[in-house]
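Letters A, B, ... mirror the listed sequences (proteins, then strands); counts begin at 1.
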2 protein chains.
Amino acid sequence: MLSALAVSPAQIAPAIALRGYVEPARPATDAQTLGATRSFGKDEEIFGEGDRATCFYKVLSGAVRTSKLLSDGRRQIDAFHLPGDIFGIETGASHRFSAEALGDASIIVYRRCSLDSLSAGDSAFHSQIVAAMMRSLERAQNHMLLLGRKSAVEKVASFLLDIAERATDHGHVELPMSRVDIADHLGLTVETVSRSLTGLERRNIIALPAHRRSIVLRDRAALRRLEA
Amino acid sequence: MLSALAVSPAQIAPAIALRGYVEPARPATDAQTLGATRSFGKDEEIFGEGDRATCFYKVLSGAVRTSKLLSDGRRQIDAFHLPGDIFGIETGASHRFSAEALGDASIIVYRRCSLDSLSAGDSAFHSQIVAAMMRSLERAQNHMLLLGRKSAVEKVASFLLDIAERATDHGHVELPMSRVDIADHLGLTVETVSRSLTGLERRNIIALPAHRRSIVLRDRAALRRLEA
DNA sequence: CGTGTTATTGACTTCATTCAAATTAGGTGG
DNA sequence: CCACCTAATTTGAATGAAGTCAATAACACG
């Protein structure tokens, strides 16, 4: 079931990873590494909607999606989290999202509940959290404009530019998520995402290599024109 | 052009209000009243998208909408702010929204930029701001689910429940905003909002009195079932 | 009472969805 | 290394929900 392969560089754990595999914390770039590093496999749950929020998280390698579900299963992915991104901060008692790894991923788990650290001292750590919150908020606010007011092609164009900006090697984007994930992020169906991508390819704005998880941005200016 | 009337109780300023009318700060319920109270008329701009963010704001009376525009004029209202709500907090240099009064409104203007106060002491004031940010974030995240995944009726039902919870006298909701505003908040057109409301009325779930700005919730259970 | 604005209603169109099928990629095991 | 198998993606055709355009109705205000 666990299909490991490539993509995540910092992946050390064996492919047949047991849930909750814990490694000794390796001091990363940040000063504040109070947390332990854990590895997750494809689609493995990091936390569930409604779980007690005792920790928050930071992506070391790989990628994570956070999402909400409607009673009948409709899903909205609020964000994709790439290396360096913090997610899972809550002020309430429980997580209002679920979080799953998109592929193999390693995550730093911070034990301290954000609410505690808000009042407590440690201003460096604290302001890092506040900054992360603010970034989430800005992202969410832009995304509302996308979800509420953009057409399918505009949504896809925006998405490509966004993801490219965050995770690109000059034009060549390696997507860590499936088409379904993209659809659930953009408020579309898989079919519409696929058709939009095909449409962009036909117009020579992007290229879709055989390896479906990668996309080449041929004409960013055109994308920017399309994005709204 | 300035059509004042009723609605806002704490309204003291004359109807022919000049922009930026400033009153001496009246210590409100909160301890932290560092700001001056200002009054705004219907559709008056409090700040614009891109304006330097030197202040943030709190609604005393009336209501405010914050919105983003697409180049071609499509608008997404990210939130309606009712008395007690804080809005306009930014960490960057400029506002990423515009804010306008929905009708006559009085607003407390806090001079301190949020970013300053984040690092600075004053933990009570500070945590109030962080809490406001967090509430915005939660709101935005729920709204993404609505925008991305709910049908028109579900959106309208959710909206009614939400606004009722925040600003109701037992079932009778006095809407401070127009149908266009509702539409731009829910990612719909006015016509669809209107049709959805009419539909709910026909099903006896709500009543639409002559005074179009008010709505009576007859059957909240039904609304809750509809909301998703 | 007229007038301008806001809301509702109707007819028609369209974009995105749904349902269904075909294709392709990538992993598995021989 | 190759044939097979499963899951992901793409494509096609038909439907449908919400949008657009246009007209009417209902207020709010002077």
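- Rounded to a whole Å, the CE atom of M177(A) is 15 Å from the P atom of dA8(D).
- For D72(A), the side-chain hydrogen bond (donor to acceptor under 3.5 Å, both in side chains) partners at least two apart in sequence or on another chain are R74(A).
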Letter by letter from the 5' end, nucleotides 1-6 of chain C scores (B base, S sugar-phosphate only, - none; protein heavy atoms under 4.0 Å) ------

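- Between E154(A) and R149(A), the closest side-chain pair of non-hydrogen atoms is not below 4.5 Å.
- Here the shortest heavy-atom pairing between F47(B) and G88(B) reads CZ-CA, 3.8 Å.
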With 3.5 Å as the limit, what N/O pairs link the protein to nucleotides 17-21 of chain C?
| residue | atom | partner | partner atom | Å |
| --- | --- | --- | --- | --- |
| dT17(C) | OP2 | T189(A) | N | 3.4 |
| dT17(C) | OP2 | T189(A) | OG1 | 3.2 |
| dT17(C) | OP2 | T192(A) | OG1 | 2.3 |
| dT18(C) | O4 | R195(A) | NH2 | 2.8 |
| dC19(C) | N4 | E191(A) | OE2 | 3.1 |

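- When every heavy atom of A183(A) is checked against every heavy atom of T189(A), the shortest pair comes out as CB-C, 3.5 Å.
- Using a 4.5 Å heavy-atom cutoff, the side chains of L197(A) and I206(A) are in contact.
- In this structure, V153(A) and R203(A) have side chains that are in contact, with non-hydrogen atoms separated by less than 4.5 Å.
- The side chain of S194(A) lies closest to dT9(D), out of dA16(C), dT8(C), dT9(D).
- Ion pair R65(A)/D184(A) not flagged as a salt bridge, since none of the NZ, NE, NH1 or NH2 atoms sits closer than 4.0 Å to an Asp/Glu carboxylate oxygen.
- Shown here are the side chain to side chain contact (heavy atoms under 4.5 Å, CB included) partners of A167(B), two or more places apart in sequence or in another chain: L82(B).
- Remark: V216(A) pairs with H172(A), A207(A), P209(A) by the side chain to side chain contact (heavy atoms under 4.5 Å, CB included) rule, at least two apart or across chains.
- Taking the ring-ring contact (aromatic ring centres under 6.0 Å, His included) definition, one finds that F87(A) meets it with Y57(A), H81(A), sequence neighbours left out.
- With sequence neighbours excluded, the residues forming a side chain to side chain contact (heavy atoms under 4.5 Å, CB included) with R96(A) are K68(A), E90(A), M134(B), E138(B), Q141(B), listed by chain and number.
- I163(A) has its side chain within reach of M177(A): a pair of non-hydrogen atoms, C-beta onward, lies under 4.5 Å apart.
- With axes fitted over five pairs at each extremity, the angle between the ends of the helix from dC1(C)-dG30(D) to dG30(C)-dC1(D) is 40° (10° resolution).
- With rounding to whole Å, R74(B) atom CZ is found 12 Å from dG19(D) atom P.
- Sorted by first then second residue, the ring pair (Phe, Tyr, Trp, His ring centres under 6.0 Å) pairs that include residues 181-228 of chain A, not counting sequence neighbours, are F80(A)-H185(A), H143(A)-H185(A).
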Using atom types as modelled, flag every donor-acceptor pair under 3.5 Å from a side chain in residues 218-228 of chain A to any protein atom, sequence neighbours excluded.
| residue | atom | partner | partner atom | Å |
| --- | --- | --- | --- | --- |
| D219(A) | OD1 | A221(A) | N | 3.3 |
| D219(A) | OD1 | A222(A) | N | 3.0 |

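- Residues M144(A) and A140(B) share a closest heavy-atom pair of CE-CB, 3.7 Å.
- In this structure, the CG atom of L186(A) is 12 Å from the P atom of dA16(C), given to the nearest Å.
- DNA chain C is contacted by A210(A), H211(A), R212(A) of residues 198-212 of chain A, taking any non-hydrogen atom closer than 4.0 Å.
- The separation between L146(B) atom CG and dA18(D) atom P is 12 Å, rounded to whole Å.
- In this structure, CG of L197(B) is placed 10 Å from P of dT9(C), rounded to the nearest angstrom.
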Sort me out a list of protein N/O and nucleotides 3-7 of chain D N/O pairs below 3.5 Å, or just none if empty.
none

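- For D162(B) and K155(B), the salt-bridge test fails: no basic side-chain N is under 4.0 Å from an acidic carboxylate O.
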